[in-house]
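Here's the structure, in structure tokens; my notes come after.
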Amino acid sequence: MGKEEKRQLRDQVLEMFDHAYQNYMKHAYPADELMPLTCRGRVRGLEPSRGDVDDALGKFSLTLIDTLDTLALLNQVEEFEIAVKKVINDVHLDNDIVVSVFETNIRVLGGLLGGHSMATLVKEQSEQMQWYNDDLLFMAKELGYRLLPAFNTTSGLPYPRVNLKHGLRRPQARTGTETDTCTACAGTLILEFAALSRLTGDPVFEQHARKALDFLWERRQRNSNLVGTTINIHTGDWVRRDSGVGAGIDSYYEYLFKAYILLGDDGYLQRFNTHYAAIMKYISQPPLLLDVHIHKPLLNARTWMDALLAFFPGLQVLKGDIRPAIETHEMLYQVTKKHNFLPEAFTTDFRVHWAQHPLRPEFAESTYFLYKATGDKYYLEVGKTIIENLNKYARVPCGFAAMKDVRTGSHEDRMDSFFLAEMFKYLYLLFAEKEDVLFDIEDYIFTTEAHLLPLWLSTNFTKKQKNETTAYSDLDDSNFDWSCPNTQVLFPNDPSYANSIREPFKNVVDKTCPKANMRQEVGGDGPGVRSHLRARDFMANNPEHLDLLKKMGVSLIHLKDGRVQLVQHANQAASAHDAEDGLRFMQEMIELSSQQQKEQLPPRAVQIISPPFLGRVVLTAGPAQFGTELSKIATGVQGFVAKCEPYNGCSEVTNHESIKGKIALMQRGHCMFAEKARNAQKAGAIGGIVIDDNEGSSSDTAPLFQMAGDGKNTDDVTISMLFLFNKEGSIILDAMQEYQEVEVLLSDKAKDRGKFKPTVSHSIPK
């Protein structure tokens, strides 16, 4: 990549940031976050609750505070000055609201401290902001005091939540009854709290953060030197004993190492090195990073990885352990190229486990640090891919929207503050030259939210604090040859170094992902064979089949997500022969389930393209194992929708004039999916959608569902069929009630909204 292309990409990053930031200021401020699909602000209490995710929102203009030092880093000084004034004049930190201690610390306290550092710098180095008088620091101190009640535990570990106005006082606080917190939640405080103490001269903040870190260190599993994911804040017992470097633990390790860098305390380096040796011994299985049990570290705790571990190669670069950083990063890049973004979680064979992607910046972070360490322009190409994918798949008119499903391209109406706080910092620095930045980036350290804290803080504390690290195990010193941050190019004379490490992992995803393997169908009953219910013929809503199950000692349990579970108790069978039939049925069902899993198809998309939606609403749909596969139809199947009569589609359609040339809507149940498809096709439908009859089922909470055939030849079914859970199906039904004529597009992935050309309705005039 040449200098000109690099400069163009730098300018493109600036334009993308401006698109996101200005839309937040125009449509959302002073709300905490922007909802980019509906072009409005997300105000807690006015929008449906999203559970713990909303604990980051405190009615304190979160995105603006989180973005302050990004504005300064991107050399937008005038906009930065305006933003600082808005925060000082408009933001209140005494709201009667319960917030996450962890999120408020890294985003708001960190944002205020980073903003203060940049405001001080601008004031010292230019004529601008001469009015600034540590206003953001005073706000940071106020917020620090409002977080302190959370530390009122015997262990020193903070409660996970606190009320900004009432602390933990009951009943006004509406919190303070929790017993558990995550390791990262309690162990990701030291940078911000120590910086606050050293900038204000009040040691209380650093003391509390150190006590929490000390307690976590003492509670590590002494044989493995690993920590669990969730801990009881009162007893110190591990609640979840799985250990990894992703969600729940990630920034605990990061802050141990960065505390050594920022505070100059060797004890934190020793702790980090002890943990790091354990991580590389048990969790690192190059290029994978797999969770293990802290008491049995040779036993994997799960077979999937979450996207938050993408920060770890960047941390390894700071430590100086470059080889495993390159290996894991390359694996993550291959997953990104396969799905456009890192899925929130993916399996060891690189299938999607959790399909969401909330525009997380960790992969960009590691890309930046690897480029800094190696000078390899390959990582500029990786950054270019990130930019292209963001613009192609996540960019919307009012900002950038999180991906609800990376497989279909469907969006979620959220743009988290960390997208502006982190993503654009790392992408800008990746493509910027040294002279493009107002200050020397080497004089600062990034917090986990990418806020900038000055390294001179290590000398800015009158009473030197030391942690009391004890009982270090003997370690191989050779593992720590590089234990200081490597921010300069490590291999300037050997540009092929990183490539030689990456090469074996270039095709790791494609080689590992298994292809569908059709297995032979279970044979039918032959002459003289005792007849029994076959798994392939079973229907959960057939009364005769249910009677046969009962006779065989098999009970059927309906699960909340609409699936059914089968359990056999041989002693409840009508006879020994029936018990034997029941066992055979269960074995066939396991075989059939295994076959369907091996033939698992990716999700599909139903896009509402008629006004006023115009493609903005994309619904995640389950595929069918019969009919025309949508991936083979470049343009998808486009048409107006109509409900079949009868709605279950299990008999000849009586309103065929209304169905002809349209996409038929049918309800799940009463017959096989293939039978519904045949009836809709016979009525002249060009496609079909089956809507789940289980009230409240949703693709947000239920695993992907795909419609199986009926055990017979389904080559006669030629229309494309998709399955929608109840929540997604209701969106179409509600739209039909309000707008009468609703046009949709069935496709393998959501299409570019600008390409839609609504067709003329095929309605028959009355």
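In this text, all values refer to a predicted model and were calculated from it rather than measured experimentally.
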Test R198 against E206 for side chain to side chain contact (heavy atoms under 4.5 Å, CB included), laying out the working first.
CA-CA 8 Å; R198 298 184 180 208; E206 183 170 346; 3.0 Å; yes

Assess the residue pair R604 and T620 against the criterion (side chain to side chain contact (heavy atoms under 4.5 Å, CB included)); give the C-alpha distance rounded to whole Å, side-chain angles, the decisive distance to 0.1 Å, and a yes or no.
CA-CA 6 Å; R604 301 306 184 205; T620 299; over 6 Å; no

Between V162 and V98, is a side chain to side chain contact (heavy atoms under 4.5 Å, CB included) present by the stated rule, with each step listed?
CA-CA 5 Å; V162 70; V98 176; over 6 Å; no

Yes or no on salt bridge (Lys or Arg N to Asp or Glu O under 4.0 Å) for E79 and K86, after CA distance, side-chain angles and deciding distance?
CA-CA 11 Å; E79 193 69 51; K86 283 184 179 294; over 6 Å; no

Using the rule given for side-chain hydrogen bond (donor to acceptor under 3.5 Å, both in side chains), can you reason through D405 versus S410, listing the C-alpha separation, both sets of side-chain angles and the distance that settles it, and then say yes or no?
CA-CA 5 Å; D405 193 317; S410 55; 5.2 Å; no

For the pair M403 and H339, evaluate side chain to side chain contact (heavy atoms under 4.5 Å, CB included) and give the outcome as yes or no after the intermediate values.
CA-CA 11 Å; M403 308 305 296; H339 301 294; over 6 Å; no

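Ring geometry, F725 versus F705: the interplanar angle exceeds 60°, so the pair is classed perpendicular (tilted spans 30 to 60°). The aromatic rings of H357 and F341 lie parallel to each other, with less than 30° between the two planes, well short of the 60° mark. By the 30° and 60° cut-offs, the orientation of the rings of F151 relative to F193 is tilted.
Between I106 and T448, the shortest heavy-atom contact is CG2-CG2, 3.7 Å. In terms of heavy atoms, R407 sits closest to A355 at NH2-CB, 3.4 Å. For the residue pair G187 and L213, the shortest heavy atom distance occurs at O-CD2, 3.8 Å. Nearest heavy-atom pair, P160 versus D180, reported as atom, atom and distance to 0.1 Å: CG-O, 3.6 Å. Scanning all heavy atoms of the two residues, the minimum distance from G167 to A173 falls at O-CB, 3.3 Å. Taking each heavy atom of L34 and A28 in turn, the nearest pair found is CA-CB, 3.8 Å.
Neither side chain, S197 nor D202, offers a donor N or O lying under 3.5 Å from an acceptor on the other. With 3.5 Å as the limit, one finds no donor-acceptor pair spanning the side chains of D306 and H353. Residues Y29 and D90 bring a donor and an acceptor atom of their side chains to less than 3.5 Å of each other. Between the side chains of H116 and Y132, at least one donor N or O lies within less than 3.5 Å of an accepting N or O. In this structure, a donor-acceptor pair under 3.5 Å is present between the side chains of T175 and E178. When only modelled atom types and interatomic distance are considered, D693 and N726 share no side-chain donor-acceptor pair under 3.5 Å.
Salt-bridge formation is detected for the pair D55/R161: a Lys NZ or Arg NE/NH1/NH2 atom is positioned less than 4.0 Å from an Asp or Glu carboxylate oxygen. Salt bridge E728/K404: present, at least one basic N to carboxylate O contact under 4.0 Å. Between R42 and D416, no side-chain nitrogen of the basic residue sits less than 4.0 Å from a carboxylate oxygen of the acidic one, so the salt-bridge criterion is not met. A salt bridge links K425 with D69: the distance from a Lys NZ or Arg NE/NH1/NH2 to an Asp or Glu carboxylate oxygen falls below 4.0 Å.
For E33, the salt bridge (Lys or Arg N to Asp or Glu O under 4.0 Å) partners two or more places apart in sequence, or in a different chain, are R50, R107.
In summary, the aromatic rings of Y21 and F424 are positioned with their centroids too far apart to meet the 6.0 Å limit. Between Y253 and Y255, the distance from one ring center to the other does not fall under 6.0 angstrom.
Residues L420 and F17 form a side-chain contact, since some pair of their non-hydrogen atoms from C-beta on lies under 4.5 Å apart. Side-chain contact between F102 and S251 is present, with heavy atoms from C-beta onward closer than 4.5 Å. A heavy-atom distance below 4.5 Å is not found between the side chains of I233 and P158. Inter-residue side-chain proximity for L112 and L137 is flagged as unmet; no heavy-atom pair is nearer than 4.5 Å. Side-chain contact between F400 and M16 is present, with at least one heavy-atom pair separated by less than 4.5 Å. A 4.5 Å side-chain heavy-atom check between L614 and I609 finds every atom pair outside the cut-off. Using a 4.5 Å cut-off on side-chain heavy atoms (C-beta onward), I97 and N163 make no contact. Counting heavy atoms from C-beta on, the side chains of V108 and F60 come closer than 4.5 Å.
In this structure, the side chain of D135 engages the main chain of N133 through a donor-acceptor pair within 3.5 Å. Looking only at distances, no side-chain donor or acceptor of D18 sits under 3.5 Å from a matching main-chain atom of L14. Looking only at distances, no side-chain donor or acceptor of S61 sits under 3.5 Å from a matching main-chain atom of L64. Under a 3.5 Å cut-off, the side chain of T336 and the backbone N or O of N340 do not form any donor-acceptor pair. Side-chain N or O atoms of H208 include none that pairs as donor or acceptor with a backbone N or O of A150 at under 3.5 Å. In terms of modelled atom types and a separation under 3.5 Å, the side chain of N105 and the main chain of T188 share a donor-acceptor contact. Without hydrogens or angle criteria, H19 side chain to V396 main chain gives a donor-acceptor distance under 3.5 Å. Between the side chain of R174 and the main chain of Q172, a donor-acceptor pair closer than 3.5 Å is present. Checked by atom type and distance alone, the side chain of S366 never pairs as donor or acceptor with a backbone atom of F363 at under 3.5 Å. Formation of a donor-acceptor pair under 3.5 Å by the T181 side chain with backbone atoms of C185 is not found in this model.
Separation of atoms CG (D32) and CZ (R44) is listed at 9.0 Å; rounding is to 0.5 Å. Once rounded to the nearest 0.5 Å, the distance linking CD of Q76 with CD of E78 reads 10.0 Å. Taken to the nearest 0.5 Å, the CD1 atom of I190 stands 14.5 Å off from the NZ atom of K258. The structure places CG of D54 at 5.0 Å from OG of S49, a figure rounded to the nearest 0.5 Å. To the nearest 0.5 Å, atom OG1 of residue T67 and atom CD of residue E422 are 10.5 Å apart. The distance from atom CG of L308 to atom CG of D250, rounded to the nearest 0.5 Å, is 5.0 Å.
Summarising the local packing, CG of D96 is surrounded by more than 12 heavy atoms from other residues, nucleotides or ligands at distances under 6.0 Å. By the neighbour-count criterion of 12 heavy atoms within 6.0 Å, atom NZ of K727 is sparsely surrounded, having that number or fewer from other residues, nucleotides or ligands.
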